[in-house]
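What follows is one structure encoded as structure tokens, with my remarks underneath.
In what follows, every heavy atom counts, from backbone to side chain, and hydrogens, waters and symmetry copies are set aside. Letters A, B, ... are given to chains in the order of the sequence lines, protein chains preceding strands, and every chain is numbered from 1.
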Amino acid sequence: MNNKIPNFVKTNQFGLLILVIVFICIFSFSTDGFTSRFNIYALSRVVALDIMIGLAMMVVILTGGLNLSLGALGVSAAMFGGWCMESMGIPISITIILVLAFGSFLGWINGFVTVRTGVHSFIVTLATMSIYFGFMTLLTEAEAFRKLPEAFTDFGSLKLFNKYISPLLIISVLTCFVLYYIFKYTDIGRKLIAAGANPDAAELSGISVDRMFIYCHMLSGFLAALAGIMLTARIGAAIPSMAGHLGFDWLLPAFLAPVLGGTLLSGGKVTVFGTMLGAILVTLINNGLYLIDVGEFWVRFFLGIILLGAVLLDRAREYFTVKNSIVS
Amino acid sequence: MSALLKKDWFGLGLVLIFGSILISLFKPAFISPFNLYVLMLSVSLMLVVAMSQMIIIAIGQMNLSVGAIGGLVAISFTGLMEVYSMSILPAVLIGLLIGLACGFINGYITVKTGISAFIITLATLYIFKGMNLGITEAQPFYEIPEAVKFFGNAKIFGPIPYLVIIPIIITVLMWILMNRTSLGRYMLAYGNNVQSSELIGISSTKIVIYAHVISGLLAAIGGMLVVCRLQLGTPNIGDSWLLPSFAAPVIGGAILAGGKVDVIATAFGVILVSIISQALVIFKIDPFFVQIFLGFMILLAVFINRYREYREERRTKVFSDE
Amino acid sequence: GHGVTKVALVPGGPHPYFAAWEQAGLDAVEDFGLGKADYRVPAEWDLSQQNELIESLVGQGYNAVLVFPGDAVGTNKILGELDDAGIPTAALAGCVEQPTQAKFCFGTDTGHSAYLGTKELIKALGGKGKIAHFTGFLVDPNTTLRINAVEQAVSEAGGGVEIIQVIADIDAYEPADEKINAFMAAQGSEVDGIVTTAWVPAVVAAQALTNMGDKRIKMVGIDHDEVVLKAIKDGYVHGTMLQNPYGQGYIGSYVMDKVRQGCEFKADAPWKSTAQTDQFIDSGTVFVDISDVDTYVMAMRGISLEILETFDSTYLNCPS
Amino acid sequence: MSDYILELNNITKNFPGVKALDNANFRLKKKSIHALLGENGAGKSTLIKIITGVYNQNEGKVFLNNQEKSFSSPNEAMNAGISVVHQERNLIRRFSVGENLMLTNLPKNNLGLIDYNTVAKESKKWLDIMELDIDPNTIVSDLTVAKMQLCEIAKALSLESKILLLDEPTSSLSPQDTKNLFALLKRLVAEQDVSIVFVSHKLEEVFEICDEVTVLRDGKNACESEQITNLNRQKLVKLMIGRDEQIIKSKKNIDFTDESLLDLQSINTDLGHKNINLNLKKGEILGLYGLVGAGRTELIKCVLGLDKINSGQILLNNKEIKIKSPKDALEKYKIGYISEDRKKEGLILMHDVLSNAGITVWSNLKKILSFLNDSIVYNKVDPYVKQLEVKTPSYQQIVSNLSGGNQQKISVAKWLASGTDILFIDEPTVGIDIKTKSYLHELIIELSLKGTSIILITSDMPEMISLADRIITMKDFKVVGETINNHNYEEMSSSIMGNIHE
Ligand SMILES: Nc1ncnc2c1ncn2[C@@H]1O[C@H](COP(=O)(O)OP(=O)(O)OP(=O)(O)O)[C@@H](O)[C@H]1O
Ligand SMILES: Nc1ncnc2c1ncn2[C@@H]1O[C@H](COP(=O)(O)OP(=O)(O)OP(=O)(O)O)[C@@H](O)[C@H]1O
Ligand SMILES: [Mg+2]
Ligand SMILES: [Mg+2]
């Protein structure tokens with residue numbers, strides 16, 4: 001009886017996967033444009049970014065904290081990249097390395113201040129959000145960098161697989177696999193999770209929790225910077241407003257994906273592929289709602305309703321599978 | 001004295017007093033009646049919003065939809081008066097009813113499904129805001145009765161605005177609720193430890209629904225107060241509430257994982273944030289530096305306040321374990 | 001042989017400024033026989049939401065897009081992609097920076113409008129006084145243009161006028177209310193004039209002056225929010241810089257249809273230049289004060305008709 | 001009509017993957033103290049939670065005063081006159097003791113607001129009855145574990161119920177506290193007709209106060225309402241574990257003149273330890289005895305670098321060392337610590353058995369690029385988990401779903417796996433059934449025979465005397481005595497207590 005239902009079916013990812021498939025079916029039948037090459041390509045780019053942003057938030061949620069500075073950090077890193085390429089003429093590959101290092105450094109600041117002062121990551125990142133964004137605006141004077149090397153911007157509009165898929169999506173999916181590997185198959189990944197789940201127990205078991213928390217923030221900065229680079233490539237320029245005022249536009253997608261994906265907000269549990277599926281689901285619904293033409297002013301309303309329905313359905317699935325796995 | 005030192009609001013109180021003295025030494029305009037009036041206005045609006053979030057923090061949850069509820073009530077309130085020519089009182093009552101209903105929906109779904117309130121209110125944030133936009137199509141309502149406008153502008157004595165009355169009453173009631181009633185204590189107990197409080201016999205359903213209903217009502221009041229203040233019902237009301245609503249209670253020592261909030265310290269947190277943002281204007285900070293200063297000031301204030309409890313706070317999580 | 005034209009008019013996000021586009025589009029369908037001219041609003045004021053909407057519009061069969069750029073630079077990429085897909089586009093109400101695939105920019109030169117508004121303010125102040133400038137998000141490139149334009153107008157006024165404070169990042173009502181009132185409290189007695197170059201600060205500042213009952217401070221606002229217009233009528237606000245959203249939507253839709261029918265822009269078309277683009281057509285910016293606040297709609301319509309009447313002959317080469 | 005106040009018939013309770021109770025019966029007579037016994041995971045706590053409406057049984061019936069009852073919430077059970085002290089601590093940590101005691105029925109003034117003066121007064125009454133010298137305004141989180149447990153009992157008493165369910169109420173009490181409690185319980189039964197269900201792993205206690213016994217084994221009744229007079233220790237043990245108990249004593253020859261392995265020299269700490277001198281020989285089990293609050297746990301934590309040592313030296317093999325963190329201790333000096341608070345510090349309750357048992361060995365097992373997978377960890381920890389006979393459906397079981405005793409086994413297993421040279425073991429057998437307890441004892445001795453040096457903190461005197469080679473007594477953050485253990489219970493206990501009460 002216990003083995004009747006495979007383990008994967010019991011997971012949140014399975015529920016999400018089913019939902020994604022259902023929505024793909026609904027939208028393909030009920031709208032014209034959904035399966036068009038242009039639309040799928042566009043979707044792949046949006047999804048790519050949402051996944052990356054979601055992952056960047058996920059790794060801080062792992063510690064039981066939050067990273068409100070995510071958007072500000074990503075934009076700052078992207079602007080830094082723009083400056084490197086346009087003003088300094090640094091080659092693309094080196095720029096990317098520098099940007100990722102810069103993002104990790106800003107993440108390190110978040111982590112270091114959080115761990116050392118004991119002030120909550122919520123407040124610390126609330127403050128650094130303001131600070132990073134302020135410095136970015138000050139230093140760039142809100143000027144965009146738009147004379148970026150063509151090789152770089154072309155990458156953002158490259159079309160693969162019979163022009164259906166953006167290479168950005170491949171980067172995001174690869175990142176998912178790398179993170180999955182880290183969390184599942186490495187010593188350090190396990191320690192990150194343990195530290196997030198119960199810091200006291202982890203510390204007494206010989207794990208340096210402070211260091212793990214700082215790593216999580218650095219990883220978050222790294223991923224946010226990567227998202228910044230991807231967005232720069234997609235837009236073809238590094239723009240101060242590309243994540244909205246203070247980077248706010250990134251915050252909701254950043255929460256939605258991991259939370260839908262089953263990442264535990266109290267820390268200690270991550271689901272990399274859940275986050276990926278969460279991002280895909282939200283993007284699909286958003287896109288589908290525009291296509292179905294419910295009236296744009298109502299898009300948000302229906303998005304909310306569908307999200308609510310999705311989490312309720314998922315809960316029903318959980319209930320059902322647990323009920324069926326009781327030994328007899 | 002040592003009992004005083006232990007209070008969450010004590011450190012903040014000191015920061016506020018010294019901060020204010022320092023600012024008024026440099027800029028006497030800071031304590032001019034008009035400035036105090038302006039300060040009180042901005043404090044009173046945020047106070048209600050912060051309380052609306054605080055009560056949810058007390059039970060160890062988050063309400064991302066406070067702003068959306070406030071906005072929905074604000075435009076319903078003005079819409080009823082403009083489009084249906086309703087008089088003020090019924091419009092206020094319906095506004096409160098909407099807030100109550102929104103809160104009830106949040107609470108009911110959260111407690112019945114066991115899904116984290118963060119997710120539920122994230123979804124309802126879209127729903128409430130979506131209704132707001134769907135109804136208004138982004139157009140503000142302008143026809144506000146004179147009485148409402150008057151309430152938003154008039155002063156009682158000296159620099160004290162009428163508008164501050166309701167927030168003060170709410171703050172007092174909230175203090176009583178959280179410190180002197182079983183309901184409030186049960187909310188805190190629930191926030192402290194869900195499992196234990198259930199074993200003690202505290203009903204989760206009741207606690208969670210009550211907290212969300214109160215939160216919804218407060219958000220509704222906040223929305224309507226903003227209408228009084230702005231004298232128009234724009235669909236954007238509430239959009240900028242989310243972070244301040246968390247910041248004030250947290251600066252006031254609330255633990256986001258639940259079970260610890262302090263009404264007075266939250267009020268001080270609101271005042272602190274208002275003073276900081278006002279100081280940035282008064283000192284004519286170059287707009288390009290404003291964000292940077294704001295960030296550092298928040299950190300500084302929290303450092304000073306938190307210094308004494310620095311070790312205890314070390315790994316508190318944002319969310320309670322479920 | 002190009003099929004019917006289906007135009008999408010896409011604003012930057014939900015905002016009352018653009019509301020007139022809806023009727024303008026419908027009227028254009030009626031008057032010029034387009035297939036469609038729909039007002040399609042991104043669910044949020046957010047560049048990527050706008051991009052997502054535009055991308056989905058292609059799937060829905062729209063074949064011309066008029067867009068208020070969510071970002072003067074960032075929107076270019078998607079315009080380029082639409083161009084690749086054979087869909088003509090133009091920037092409406094605000095411009096995108098060159099180089100761009102947008103056929104042209106039809107709207108308000110934001111910098112120039114701020115410049116003119118400040119000029120009007122200085123005139124009202126009699127050439128001397130202290131002024132404050134309230135504006136929107138710093139990261140919006142238009143904000144920098146506006147700050148510079150206001151400074152330029154002030155510097156041209158000789159030494160008599162001085163900017164004592166710039167308050168930015170107040171594109172939401174509540175922070176705007178807080179900061180503008182704090183400003184009034186601290187500097188209200190010193191300042192002689194206020195220029196606002198974004199919608200929300202204009203509304204809030206007009207409201208604040210009305211509430212204070214202060215007619216000494218001269219203010220020049222922007223756009224046509226009822227609060228601002230009423231404050232002008234009541235004498236609390238000196239005037240406002242109006243734009244022409246209806247005309248933008250109406251004429252823009254018309255031109256897109258022409259472009260799709262194969263019309264080309266003349267090589268010697270009398271384009272205007274702005275800081276962002278040199279293919280700019282002014283949809284009309286007028287300053288309105290108490291004398292013409294009631295009749296501005298007529299004035300705007302006049303400007304629109306004038307542009308429309310001469311548009312073909314001035315700008316277009318059409319296949320016969 | 002029977003004279004049972006509480007009767008449970010054929011109760012079955014399923015959890016995902018576990019059948020916790022299987023046709024179990026339980027009958028509680030009026031005015032009796034009824035022991036409910038069984039190994040870890042036998043289903044004792046589950047039974048109690050079914051009585052109190054925390055869980056609903058899948059099958060079977062509950063009768064209260066001969067009427068069928070089924071409580072759907074703890075509140076209903078409370079209102080029906082059942083009060084309970086659960087195995088887990090259920091005090092609200094940020095509330096005061098007084099408020100916790102009165103929480104279900106907070107006294108109000110005329111305005112309907114809580115009257116905190118009355119709260120303090122009322123609760124003081126119950127604290128006094130428990131002979132607890134605590135100010136009702138103390139915040140619970142400032143209390144020691146033992147005090148918390150006593151408060152919890154006081155809280156249950158304050159409901160003045162006729163049925164009192166006590167799930168391991170004495171697990172962290174000192175012998176003295178336990179004695180006081182028992183006197184009180186006997187008085188309640190005699191004077192107020194209270195009926196009590198008593199769960200404990202300490203059989204001496206059962207013989208001291210109980211009159212009837214029900215034993216559960218794997219969720220089934222091994223015996224039902226047996227008179228205590230018909231039983232003796234051997235019989236009881238056999239009922240519980242299905243075989244006889246083995247008494248183990250450490251029999252080793254430690255040469256106490258040897259060089260010591262670990263040496264604490266005049267340690268003074270931030271927490272208030274004064275001039276602590278301690279040395280640990282290779283292969284020795286050094287007992288640290290003391291009443292609760294003597295500062296033993298704190299001393300160890302200071303040594304591990306979690307709190308500050310102000311002066312003094314720590315020598316390892318005669319070389320001065322500075323331990324900065326438990327990580328340092330584990331990785332550099334091979335020192336491990338088994339915490340007394342398994343829920344908070346010992347285990348990651350939300351994670352599965354494998355990752356809890358393996359946490360200390362990850363660093364050692366990792367391959368190139370920090371690679372590590374489940375089977376590597378499994379191979380390492382499986383022998384220890386097997387050896388301790390952890391009862392779990394699989395390695396993927398979430399630890400919080402295990403019974404308390406099995407949780408404790410996991411928190412021990414992970415340190416066994418880590419293979420440290422020095423192990424600090426803090427209260428290892430709190431809440432552990434006797435079968436496992438003797439396994440654990442065997443294991444500790446075996447470890448020391450293999451050369452691991454152990455500092456053992458336990459408040460269980462018999463345990464201390466059977467295991468330790470040498471016993472150091474602490475009181476008020478100071479060392480007050482040192483005795484070489486001759487394993488003679490009477491002699492040793494009087495000498496230790498002598499040290500404490502000097
Ligand atoms: N909430 C739960 N979910 C899943 N399994 C559970 C749960 N609670 C208890 N169990 C399982 O039910 C069985 C009985 O547990 P119970 O806590 O009643 O044991 P116990 O006799 O009290 O043991 P101990 O002496 O260790 O406290 C155990 O196998 C345990 O793992
Ligand atoms: N005099 C005291 N005043 C206040 N708190 C004390 C005092 N003595 C000890 N404590 C507290 O009591 C708690 C128990 O101390 P500790 O755990 O070190 O004792 P122990 O000897 O290990 O006892 P056990 O492990 O049996 O509980 C600690 O939290 C300590 O801070
Ligand atoms: Mg138990
Ligand atoms: Mg101890």
_Partner chain A: residue of D/Lys367, D/Glu345, D/Arg342 with the largest heavy-atom pair count (under 4.5 Å)_ = D/Glu345
*Most heavy-atom pairs under 4.5 angstrom with chain A, which of D/Ile338, D/Leu349, D/Leu365, D/Thr360?*
D/Thr360
*Specify which of A/Ala201, A/Gly189, A/Ala194 makes the most heavy-atom pairs with chain D at under 4.5 Å.*
A/Ala201
*Name the region of D/Asp374, side chain, backbone, both or neither, that has any atom closer than 4.5 Å to a heavy atom of chain A.*
both
*Anything under 30° is parallel, anything over 60° is perpendicular, the rest tilted; go ahead and classify A/Tyr185 against D/Phe371.*
parallel
*State, with a plain yes or no, whether a side-chain heavy atom of D/Thr12 is found less than 4.5 Å away from one of D/Lys19.*
yes
*Flag the one option from A/Ile182, A/Asp187, A/Thr186 with the top tally of heavy-atom pairs under 4.5 Å to chain D.*
A/Asp187
*Answer with side chain, backbone, both or neither: which region of D/Ser355 has an atom nearer than 4.5 Å to a non-hydrogen atom of chain A?*
neither
*A/Ile193 versus chain D, the contacting section by heavy-atom distance below 4.5 Å*: both
*Specify which of D/Asp328, D/Ile359, D/Leu330 makes the most heavy-atom pairs with chain A at under 4.5 Å.*
D/Ile359
*Of the backbone (N, CA, C, O) and the side chain (C-beta and beyond), which part of D/Leu304 lies under 4.5 Å from a heavy atom of chain A, both, or neither?*
side chain
*asked:* Just so I know, are the side chains of A/Trp108 and A/His217 near enough to count as touching, which here means a heavy-atom distance under 4.5 Å?
replied: no
*Inspect the surroundings of OH in D/Tyr333 and state if more than 12 heavy atoms from other residues, nucleotides or ligands are less than 6.0 Å away.*
yes
*Mind checking whether A/Ser121 and A/Thr63 have side chains closer than 4.5 Å, heavy atoms only?*
no
_Within 45° cone of A/Tyr181 ring axis and under 6.0 Å: A/Lys184 NZ or CZ_ = no
*Report yes if the side chains of A/Val113 and A/Thr128 come closer than 4.5 Å at any heavy-atom pair, otherwise no.*
no
